[in-house]
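Atoms within each ligand, like the ligands themselves, are counted from 1 in listed order. Not measured: the values here are computed from a predicted model.
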Amino acid sequence: MSELIDHLKQVLQSLDRPLIQENECWNSTEDLQSDIEHVRLILQQAGIRKGDRVLLGLPNSYRFIAIYFAILSAGAVAVPINPRMPVSELQTFLRRCCPAGGFLTEKQSAGLIEPYTSQKVLTARLILKESKLNYLKWKHRDRTEQRLLTESPEPLENDPAVLLYTSGTTGRPKAVGLSHGQIYAAAQNIIWAHRLTSKDIVYSFLPLFHINAQVVGLISPCLSGGKLIIAPKFSASRFWNVVNGQHVTWVSAVPAVLSILLHTGAPDHISSGLRFVRSASAPLPLLHAQQFEKKFGVPVIESYGMTEAASQICVNPLPPEKRVLGSVGLPVGLSLQIVDEQDHVLPSRETGEIVIRGKNVITHYVEADNQDDFRNGWFHTGDIGYVNEEGYVFIIGRKKELINRGGEKISPYEVEEAIRQLPEVKQVAVIGLQDPLYGEKVVAYAVPGPGRATEHLAEKILDHCRQTLSDYKCPAGVEIVDRIPTGPTGKIQRSLLKKQIIAGREIIQEKSL
Ligand code: AMP
């Protein structure tokens, strides 16, 4: 049995105690243990075998957690997806991922049942904590195969546990298959770096379909014997009440959350038990970190992570050790180097690409056309930065073209592909522009086809995006333009377009001053 599952079992089998709070009700270790068994049985009855992919498209909830752990302990592979993914995006996803079954929201299941009836879709209802779940089964298995599941061994270290798709540097999203061993190694690094113990209570509201929330906000607290308070999403109005009322000791957040809290009122007092607020997934503006610490008197711990590293890569040490605001901290439990274009290692303070390797870092993508990011035993992150003399890492940019909107990574290609479906659009380029709250926002520039009316085209593009893409991927703005810069081969040049837009804005601002 993998260490991850073995450790989890030990935690759940020891003294019965409150573990996960949802809607102000505690679910105990015993509840979780029996619910995991319940879901395991359902998976077994549905014919899910070791290594099968099982979609998990539910919002943050106790149900999500019970199903997630059940999939992992059954030796199947959890594929968490955005519960608000529109059906058209989900269909493309299904064709690529080929899951054996899945747990989806009512809305997603309703949209899928229709096209999949020809493939013997079975819908089973599972009552777990009085909530209905839709379990969809795509693969039909005969009885012999069914028996195999019952006999199949438990998951081992190198067996895949989770499959996630990340916005790639180019083209299609890349499939990241994380093994039980990689996830366990990442959780150990997090527990050590944050000194997590059974006395800790984390407030977890980041979306569980991302690796950060899974490993930082769920697995690490569970394995360290702590408790967690799960919320479907961040709520500024509820935040301090929960922190104070539930004796929260740490919070797993992203920069946009800190920024929102900075701009909302401070409570009369803040529980002295709150040890730190952790920030991950996107650059944390130095000023925000300073202002947050000053206003609330709580240390901000900036970290740097990636799906390919099963979450955490670097993190700042906890006080009284030295924290460097503006740095993503020190590498924990893995090796990190800065290399130049020729992959030569650079000395401290010199800027280059961040490369990593370690027990929690993947060594290849699943079903990928190329594995160029893995060279000489190192994974090339696509992030640009440097390391100072004391080993603190600073990120200053990225080679990859993805857009980071408040921690959600968006591939410009995917949004462009959606917009290109409209016959009115001749050419389109999607770029990320600065945004005061989310760090970056998605903006689309479209050239209409010859003779096509430009009136209402921007609204039409936006409408189309809202119907076909997850909400966070939809452009914040669409501009209709005459031309988009292209290279000699006709390829659109996003970075040049971005430079032109930024330069254009500066000129306009200068004029208006
Ligand atoms: P994901 O795989 O979705 O977690 O995205 C990983 C990417 O998020 C990294 O490669 C970075 O580009 C970005 N990222 C994560 N943490 C930070 C941070 N603290 N500062 C800047 N970028 C970050």
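- Counting protein heavy atoms only, atom 21 (C) of ligand 1 is closest to Pro283 N, 3.4 Å.
- Annotation for Gln421: atom CD counts as buried by contact number, over 12 foreign heavy atoms lying within 6.0 Å.
- Atom 19 (N) of ligand 1 has as its closest protein heavy atom Ser303 O, 2.7 Å.
- Between Phe64 and Tyr68, the ring planes lie parallel to each other; the angle is under 30°, not in the 30° to 60° tilted range.
- Short contacts between ligand 1 and Lys400, defined as distances under 4.0 Å to a heavy atom of the residue, involve ligand atoms 9 (C), 10 (O), 12 (O).
- Closest to atom 9 (C) of ligand 1 by heavy atom, among Asn404, Asn212, Val393, Asp383, is Asp383.
- Here's the thing with Glu302: one of its N/O atoms is less than 3.5 angstrom from an N/O atom of ligand 1.
- Side-chain atoms of Asn244 come within 3.5 Å of backbone N or O of Ser271 as a donor-acceptor pair.
- Near Thr307, meaning under 4.0 Å from any of its heavy atoms, are these atoms of ligand 1: 1 (P), 2 (O), 3 (O), 4 (O).
- In terms of protein heavy-atom proximity, atom 18 (C) of ligand 1 is closest to Ala282 O, 3.5 Å.
- His194 and Phe276 have tilted rings, their planes meeting at an angle from 30° to 60° on a 0 to 90° scale.
- No cation-pi contact links Arg375 to Trp378, judged by a cut-off of 6.0 Å to the six-membered ring centre and 45° from its axis.
- Residue contacts with ligand 1: Lys409 is placed with a nitrogen or oxygen under 3.5 Å of a nitrogen or oxygen of the ligand (distance criterion only).
- Taking the six-membered ring where tryptophan is involved, the planes of Tyr365 and Phe379 are perpendicular, since the angle between them exceeds 60° and thus also 30°.
- Protein heavy atom in closest approach to atom 14 (N) of ligand 1: Ser281 O, 3.4 Å.
- Ligand 1 lies nowhere less than 4.0 angstrom from a heavy atom belonging to Gly382.
- Remark: Glu440 does not engage Arg405 in a salt bridge, criterion side-chain N to carboxylate O under 4.0 Å.
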